[in-house]
Amino acid sequence: MIKDFRDQLSENIIDISDFDKGGTTDEEKPPGDPFAGKALNILVSGIDSRNNADYAYGDPDEIDTIRSDTTMIVHISQDRSRVQVVSIPRDLMTTIPSCQSAEGYETYEHYGQFNSAFADGAGKDDIAGGIACTKATVELLTGLELDGFVVVDFAGFAHMVDALGGVWFDVPSYIEDYKSDIYFDPGCQHLDGRRALDYARVRYGVEDSDGSDIERISRQQALVGVMFTTLLSKNFITDMPALLSFLKQTLAALKMSSEFADITDDAGLLMSLASISRENIQFLMMPNTPDDYDPNRVIAVEPDATDVWNALANDEPYPPGSEYRDGNGVMRTVPYPESDGQSSDDSSGAFDDSDNTEIDGGNATNEAPGPDPLSEDLSDESAESTPSCPPTGH
């Protein structure tokens, strides 16, 4: 079964060697983490491609090119105790390096919107060129060396959720997006792939939202966090067939770099994360602020953004003062060390949530939660609703 799927999976591997400027065997083997002892930085690129897609995933006549929709860097710590996910806004203004385009010519380096990098490389429909230019742009922006990438389109995202058996998610507010025909009531509900995709895509018609892409990214992070914790809640260590079945369904719906071409290696990497605590799954938005020249665009906040990239490069927790959402859906702020002469609830806005989860330099450890009056102001509403979603008995 594994050999047959390896042959099938090879069709989804993206080779970007022709765009880069700078083997598996047929023997079945037990799963093992091929990256053991190494921290990983993985680029996850969500794209809006309507090619060969069902109308349910978007009108194929609405766009005739491939567009970059969502970009995340997933950092997996060397000791596999922490997963940090940093989102890069598609509206970020940054330097786009010269890239090899799908049409065979080199583009010019320019200052522009981040998601234009994918378009520069992809042309009309070449994913390999698009992800190669996105990868080069991310590495220039962050200074990180990326160890691989995954590309997921709308249909692939929906298939991933369905492969999990759907997810329980607490929708925080009413959504009435008449233009996209997307509607949600607030509250805990079970989302299949199509409904999860609707929630991930929606931007307008969200109660108490300004319709910005930044707020949409925040909602996406909450949803991806639930997907991640749902995945890790599966008893894959004792049910290897279930793990391989999930990977088969998921990987068949994705495009990825050759580093993730072996299903048993992918299984081993997932198994290495099986004991991670939810507090140590941490979602952060790249520090940004509206661009003075265009309020519909954003620019990096420095030195905060560079401090985040340096933390990932050094396999360290987020810098003090960073606000992130953990795998329980709770918003947290990394406290400043006491040695800095700052109290944990000083004017920096940071707080010490050690009564809730013990933090060692920003790295949460899995301790029993307790009451914390200080965290109430900075924790989002999902902190209270999480215990009842999913409902008891599900």
Side-chain angles (χ1 to χ4, degrees), residues 1-17 20 23-46 72-85 127-128 131 135 145-153 155-167 193 224 227-278 280-281 315 327:
M1 180 184 75
I2 294 178
K3 179 183 181 299
D4 291 342
F5 185 65
R6 283 184 189 145
D7 295 338
Q8 176 187 345
L9 181 59
S10 65
E11 300 176 2
N12 284 12
I13 302 304
I14 297 178
D15 181 2
I16 65 172
S17 57
D20 247 336
T24 60
T25 69
D26 288 337
E27 297 180 7
E28 297 198 9
K29 58 183 181 181
D33 181 358
F35 308 102
K38 181 183 188 314
L40 294 177
N41 292 307
I42 303 169
L43 173 65
V44 177
S45 179
M72 298 179 176
I73 297 175
V74 178
H75 176 84
I76 302 175
S77 66
Q78 179 181 1
D79 62 6
R80 302 300 186 257
S81 69
R82 187 177 65 254
V83 173
Q84 294 156 285
V85 182
I127 294 178
I131 192 62
K135 178 176 180 288
E145 180 178 347
L146 299 175
D147 298 291
F149 60 81
V150 175
V151 181
V152 54
D153 61 14
F157 180 85
H159 289 316
M160 285 177 60
V161 176
D162 286 334
L164 285 170
V167 295
V224 172
M227 291 170 61
F228 207 106
T229 55
T230 300
L231 169 61
L232 295 181
S233 71
K234 306 290 185 180
N235 197 4
F236 287 143
I237 292 181
T238 58
D239 193 355
M240 184 56 60
L243 173 57
L244 295 177
S245 176
F246 166 76
L247 284 172
K248 183 174 181 180
Q249 294 178 68
T250 299
L251 296 178
L254 306 178
K255 305 290 184 183
M256 72 289 294
S257 58
S258 58
E259 290 81 4
F260 306 113
D262 192 309
I263 187 173
T264 52
D265 285 348
D266 296 338
L269 179 59
L270 277 179
M271 289 175 62
S272 74
L273 298 172
S275 62
I276 193 170
S277 68
R278 291 190 178 192
N280 283 0
I281 303 171
D315 193 25

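Treat the numbers as computed from the prediction; the structure is a model and nothing was measured.
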Report task. State which residues pass side chain to side chain donor-acceptor pair (under 3.5 Å) with Thr230; sequence neighbours excluded, sorted by chain then number. Result -> none

Query - Listed partners of Lys38 passing salt bridge (charged side-chain N to carboxylate O under 4.0 Å, His left out), at least two apart - result: Asp147

Query raised in the report: If you round to the nearest 0.5 Å, how far is CG of Leu254 from CZ of Phe149?
Result: 12.0 Å

Requested in this report: Mind checking the CD-CG spacing from Glu259 to Leu40? Nearest 0.5 Å is all I need.
Outcome: 10.0 Å

Query - Beyond-backbone contact of Val85 with Val44, side-chain heavy atoms, under 4.5 angstrom - result: no

Query raised in the report: Hey, does the side chain of Ser77 reach the backbone of Arg82 with a donor-acceptor pair shorter than 3.5 angstrom?
Result: yes

Report summary line: Tightest non-hydrogen contact, residues Ser257 and Gly148, listed as OG-CA, 3.3 Å

**Report entry** Nearest heavy-atom neighbours spanning Asp162 and Gly193
**Finding:** OD1-N, 2.8 Å

**Report entry** Nearest-0.5 Å distance that lies between atom CG in Leu251 and atom CE in Met160
**Finding:** 9.0 Å

Query raised in the report: Looking at residues at least two apart in the chain, or sitting in another chain, which of them share a side chain to side chain donor-acceptor pair (under 3.5 Å) with Thr229?
Result: none

Query raised in the report: Could you give the distance from OG1 (Thr250) to CG (Leu270), rounded to the nearest 0.5 Å?
Result: 9.0 Å

Query raised in the report: Are Leu232 and Ile281 side-chain neighbours, meaning at least one heavy-atom pair lies under 4.5 Å?
Result: yes

Query raised in the report: Taking only residues two or more places apart in sequence, or in another chain, which ones meet Ala253 in a side chain to side chain contact (heavy atoms under 4.5 Å, CB included)?
Result: His159

Query - For Ala242, all residues meeting side chain to side chain contact (heavy atoms under 4.5 Å, CB included), sequence neighbours excluded - result: Phe236, Asp239

Query raised in the report: Would you say Asp315's side chain and Gln78's backbone share a donor-acceptor pair under 3.5 angstrom?
Result: yes

**Report entry** Met227 side chain near Val161 side chain, heavy-atom distance below 4.5 Å
**Finding:** yes

Requested in this report: Can you see which heavy atom on Leu231 is nearest to which on Phe246, and at what distance?
Outcome: CD1-CE2, 3.5 Å

Query - Side-chain (Lys234) to main-chain (Leu164) donor-acceptor, under 3.5 angstrom - result: yes

Query raised in the report: Quick one: OG on Ser81 to CG on Leu273, what's the gap to the nearest 0.5 Å?
Result: 10.0 Å

Query raised in the report: Does Lys255 come within less than 4.0 Å of Asp153, counting only side-chain N to carboxylate O?
Result: no

Requested in this report: Drop me the distance from Met256's CE to Leu43's CG, to the nearest 0.5 angstrom.
Outcome: 13.5 Å

**Report entry** Partner set under side chain to side chain contact (heavy atoms under 4.5 Å, CB included) for Ser272, not counting sequence neighbours
**Finding:** Asp33, Arg80, Leu269

Report task. Please name all residues satisfying side chain to side chain contact (heavy atoms under 4.5 Å, CB included) with Val224, sequence neighbours left out, ordered by chain then number. Result -> Met72, Phe283

